[in-house]
Amino acid sequence: MILNKATGIRIDGKKHMSKTTPMHEYLNPRFVYLPLIQQNSPLKRTVEVGDTVKIGQTVALREGFGAMPIHASVSGKVTAIKKVWHASGRMVDALEIENDHQNALDDAIRPEPDPSLFTREELVNKMVNAGLSGLGGAGFPTYVKYLAKTPIDVVIINAVECEPYITCDYVMIEKYPEKLLKGLQYFMRAADAKRGVICFKNYNVGIIEALKPLLSHYPNITLFPVKDLYPAGWEKYLVQQVTGRSYPNLPVEAGAIVNNSGTAIVYADVVEHNIPLISRAITISGEGVKEPKNFLVPIGTPVKELIALCGGYADGLDPAKSYYIAGGPMTGRAIMIDELIVNDTLGSVIVKPMPAERNHPACLGCGRCADVCPVFLAPTEIQRAFEMNDKDAVRSLNASKCMQCGLCSYVCPSHIEISDFVFRAKELLRK
Amino acid sequence: MARFANAKAPYLRMTDNPSFGTGAIQRDFLIALLPVILFAFYKNGLQVYLDGNISFLEMFYPLVFILIGGLMSTLLEALFFVITDKSVRTMKTLGKKLSVSYAAIPGLLLAMILPLYTPVWVLIFGCIAATLVAKMLFGGFGYNIFNPALIGYVAVAFTLYGVIQNAGGALNASEVLADAVGGATPLGALIEGEGLSYNALVAPYGTLLDFFVGTIPGALAETSALAILISYVWLVARKVIKWFVPVIFVGTVFVLSWFIGMIAGAEGVWFPLYSILSGGLIFGAVFMATEPVTTPRNPLGKVVFALFLGVFTVLFRFVGDFAEGVATAIVFMNIFTMPIDNWTAIIRSELGGKEIFVKGAPKVKKPISKATIKGIILVALILLIALYGVLKAGGMFTASGWILPTVGRLF
């Protein structure tokens, strides 16, 4: 409680809004916009405006850290380079491809006769060639995790979705349980790990029902329900709970690799059919959407079309008094113009009305922010140090441990943007 | 294309629920005062009326007295806003300011810890010290360093003590008539040098059960441990206070008093029990030591703070000349809230996220961190002050001086 209780609090998940409706496959938008940026690193374009591309054809390259190719998600003609709104909250250059609805596949996409013969190196190479990056939200290049020198004994699949509203991972597992298990199996072989563990929230019995019948073919894979707490899906918690070990920076240091369930499902196709990362699942939900739904869409699809497929915004929604959130409501980002496109990290778009405005007092010092902090920081102290521009104080308070779960702001009874102060304090350290 | 609102993450807040917020916390705190106020009314009003010692209207005086306190501090704060704040022009803006300032609380608390027959002008003087000096001059709600009610109390108790005693002091009409105690409260008896004997300290007021229920002489509303215990359960259940702060505070005083009793030859558990049940200890532990604004924010800081409060209460109560050990200790420790908060925040952030490495990973040898040194200093300070308090107080009360009497006199 004071020092080492695994913290986390229950937040109303609001998952029912989009959980029961079946996955809507929307694979042929008229235009897709492939953002020429990944994790803040700009991509090098390899096609020109006017070129014809096929599904799975390389159109851009990521260079430097996490170098890998990026692929066209529809077949058609590159018509322009346009500025589009990106989940990072900025406008970025994007490759506009007009869909010719031929669904012509690149030559590289073909089924593998015997995927069980692949060696570790070949499996990791496939991740690179497929441009596979984490679909959970951080967008970390997957293969980088598998290059670590530390021996890995467990691969953990993160299907926790601890943020409210989001259900796309759940619906994907319900639909493709076999692919998830296969993908995990290949991950385990790529890491030479003995164990595979699938973590999910304990109330998601649907996942157990979908996976249980198949598990007998995968003796090394186990299911691992976690408590309904936020942030139960945090990598560090999962590794701690599954292995009993902790780590300072990356899970590999504790002999574990954590992958999102969506990534595993894509990886099964990567290994068996050489289909690169060209589509992803996304949840459109929130009180501001008429009929919340989950979609499977090519990367680059405009979110606007998806919201139209959800019946549009709820009646009487005043945009000026509503949030349009790229990502989950806890860690996502409010986008001011609803011209967002689906990029590889965007798992959800939540539209919800703002709460009624209230007159909030100053910080009363209740300390709830310090109570809930999963990494045992004292946000108010960090705020004080930040406001005094005292770098040393910020450092000695270990502000860099913050992983921006947003819980301190969530619990604040005075509605103080305390997690933003901690974030800015972290930025101060970087300068 | 539609333009949406911009704001900072997270987009879900507990304050989205209109019934949650700082206002609700303060409301719960006010509700927690009810059992204590009701007991004060019972002991100093209803019971005395039933004894036939005061008139029907006089029966309500304790309630009126507490209300005057709350009203005065609200008025003073409104006045302060009107004079100093240019944005306050209409009743509406004033109301808005007051709605997030929780003006009544200092005055209410102050009235509750003053003796019943404190003259009203003294109460108003105390409210001025509490609201204007200790709260508003420091920047208002959330910025005050000292507990406003206690500043008001200290200002009044140390300067106008004689005035309060002359006006009737703490004893209600029935207690004056009973006259078993020579006009003193139990703690007063200790300070007047009655020595550590059950017959001098507890017997004149009844038994320890009377101490627990609260039917002993004392300040208006702080005598009943029972009523305060009800408030404590409510406050903990509503998550307004942390359960361990009062427990550690009272527990420290209990343990140290036990040691003092042993040194001074007061056998048995009665002396530590007398020590925690007399004076404003339990009231202060539940309502003042947990006051969020003026105490550390992080849980480890609260623990350290409560420990310090315990040792300083013992020091001020038994070694100092005044009986106001609790009030002095809390006000004194308020000064150190900021450094304690900072030090414990550093210690906690280092201890809390302890990393367990994989077997075989190279071990990093770290130099002794600043946090460790700070932790050692804090613990050493608590132990030293506790040791000094126990030895000094124990030596003072020892007539024959069978243990270290000189140590007590040395300092």
Side-chain angles (χ1 to χ4, degrees), chain A residues 1-4 11 150 164 245-248 253-255 319-325 329-339 350 352 354-356 358-367 370-371 375-378 380-381 396-398 401 406 409-415 417 419-420, chain B residues 1-18 20-26 96 99-102 139-143 239-240 242 244 292-303 341-342 344-346 348-358 361 370-371:
Chain A
M1 165 196 57
I2 294 156
L3 278 180
N4 51 13
I11 297 176
T150 333
R245 295 186 295 257
S246 188
Y247 57 87
E253 295 159 15
K321 288 201 167 149
S322 306
Y323 298 132
Y324 181 93
I325 307 156
M330 296 299 286
T331 60
R333 189 187 289 271
I335 306 290
M336 290 179 68
I337 312 283
D338 60 347
E339 298 279 332
I350 311 294
K352 70 188 279 288
M354 280 164 79
R358 280 162 72 189
N359 188 12
H360 287 290
C363 169
L364 90 158
C366 61
D371 280 348
V375 287
F376 306 98
L377 300 179
T380 49
E381 283 300 305
S396 69
L397 287 161
N398 290 311
K401 277 189 185 173
S409 286
Y410 173 76
V411 297
C412 182
S414 290
H415 204 280
E417 305 290 352
S419 57
D420 186 58
Chain B
M1 191 178 94
R3 278 189 79 89
F4 282 83
N6 196 5
K8 295 193 168 95
Y11 304 96
L12 280 178
R13 303 288 174 103
M14 279 174 83
T15 45
D16 292 354
N17 177 354
F20 175 84
T22 301
I25 294 174
Q26 301 295 337
K96 217 174 171 185
S99 75
V100 292
S101 182
Y102 316 107
F141 176 79
Y143 298 97
K239 293 187 179 155
V240 177
K242 285 261 173 283
F244 52 81
V293 179
T294 56
T295 63
R297 280 113 166 94
N298 81 74
L300 184 63
K302 287 179 207 259
V303 171
D341 211 4
N342 188 274
T344 50
I346 293 172
R348 185 167 174 266
S349 68
E350 254 171 50
L351 293 182
K354 215 173 167 189
E355 278 137 8
I356 311 148
F357 293 95
V358 207
K370 276 185 188 164

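Heavy atoms only: backbone and side chains are in, while hydrogens, waters and symmetry mates are out. Quick note on labels: first sequence line is chain A, next is B, and so on, each numbered from 1.
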Colleague: Side chain, backbone, both or neither: which part of D420(A) has a heavy atom under 4.5 Å from chain B?
Modeller: side chain
Colleague: Within this structure, what is the NE2-OG1 distance for the pair H360(A) and T22(B), rounded to the nearest 0.5 Å?
Modeller: 8.0 Å
Colleague: What heavy-atom pair brings S349(B) and N398(A) nearest, and what distance separates the two atoms?
Modeller: OG-ND2, 2.8 Å
Colleague: Exactly one of Y323(A), Y410(A), Y324(A) should register a ring-ring contact (aromatic ring centres under 6.0 Å, His included) with Y11(B). Which one does?
Modeller: Y323(A)
Colleague: Considering only heavy atoms, which portion of T294(B) lies under 4.5 Å from any heavy atom of chain A: side chain, backbone, both, or neither?
Modeller: neither
Colleague: Is there a donor-acceptor pair closer than 3.5 Å between any side-chain N or O of D16(B) and the backbone N or O of P355(A)?
Modeller: no
Colleague: State whether the side chain of R348(B) and the backbone N or O of A370(A) hold a donor-acceptor pair below 3.5 Å, judged by distance alone.
Modeller: yes
Colleague: Donor-acceptor check, side chain of N359(A) to backbone of K96(B), threshold 3.5 angstrom: yes or no?
Modeller: yes
Colleague: Please classify the contact of I325(A) with chain B as side chain, backbone, both or neither, using a heavy-atom distance under 4.5 Å.
Modeller: side chain
Colleague: Can you tell me which portion of M330(A) sits under 4.5 Å from chain B's heavy atoms? Options are side chain, backbone, both or neither.
Modeller: both
Colleague: Could you please spell out the steps behind the salt bridge (Lys or Arg N to Asp or Glu O under 4.0 Å) verdict for E350(B) and K401(A)?
Modeller: CA-CA 10 Å; E350(B) 254 171 50; K401(A) 277 189 185 173; over 6 Å; no
Colleague: Tell me the closest heavy-atom pair linking F141(B) and L364(A), and the distance in Å.
Modeller: CZ-CB, 3.4 Å
Colleague: Roughly how far, to the nearest 0.5 Å, is CZ of R297(B) from CG of D371(A)?
Modeller: 12.5 Å
Colleague: Name the region of I25(B), side chain, backbone, both or neither, that has any atom closer than 4.5 Å to a heavy atom of chain A.
Modeller: side chain
Colleague: Is it the side chain or the backbone of I11(A) that comes within 4.5 Å of chain B heavy atoms, both, or neither?
Modeller: side chain
Colleague: Give, for atom OG of S414(A) and atom CZ of R13(B), the distance between the pair rounded to the nearest 0.5 Å.
Modeller: 11.5 Å
Colleague: Could you state the interatomic distance from CG (L377(A)) to CD1 (I346(B)), rounded to the nearest 0.5 Å?
Modeller: 11.5 Å
Colleague: My understanding is that only residues two or more places apart in sequence, or in another chain, count here; which of them pass side chain to side chain contact (heavy atoms under 4.5 Å, CB included) with S322(A)?
Modeller: L317(A), P353(A), F4(B)
Colleague: Please name all residues satisfying side chain to side chain contact (heavy atoms under 4.5 Å, CB included) with A362(A), sequence neighbours left out, ordered by chain then number.
Modeller: Y143(B)
Colleague: Enter the distance from K239(B):NZ to C366(A):SG here, rounded to the nearest 0.5 Å.
Modeller: 12.0 Å
Colleague: Given that the side chain runs from C-beta out, which part of S419(A) has a heavy atom under 4.5 Å from chain B: side chain, backbone, both or neither?
Modeller: side chain
Colleague: Report the option among S396(A), A356(A), C363(A), A378(A) that has the most heavy-atom pairs separated by less than 4.5 Å from atoms of chain B.
Modeller: S396(A)
Colleague: Would you sort out whether N298(B) and E381(A) count as a side-chain contact (heavy atoms from CB on, under 4.5 Å), showing the intermediate values?
Modeller: CA-CA 9 Å; N298(B) 81 74; E381(A) 283 300 305; 5.5 Å; no
Colleague: Please indicate whether R358(A) has more than 12 foreign heavy atoms, meaning atoms of other residues, nucleotides or ligands, lying under 6.0 Å from its CZ.
Modeller: yes
Colleague: Locate the shortest heavy-atom distance separating D338(A) from A2(B); write the atom from each residue and the value.
Modeller: OD1-N, 2.9 Å
Colleague: For P361(A) and Y102(B), which heavy atoms make the closest approach, and how far apart are they?
Modeller: CG-OH, 3.5 Å
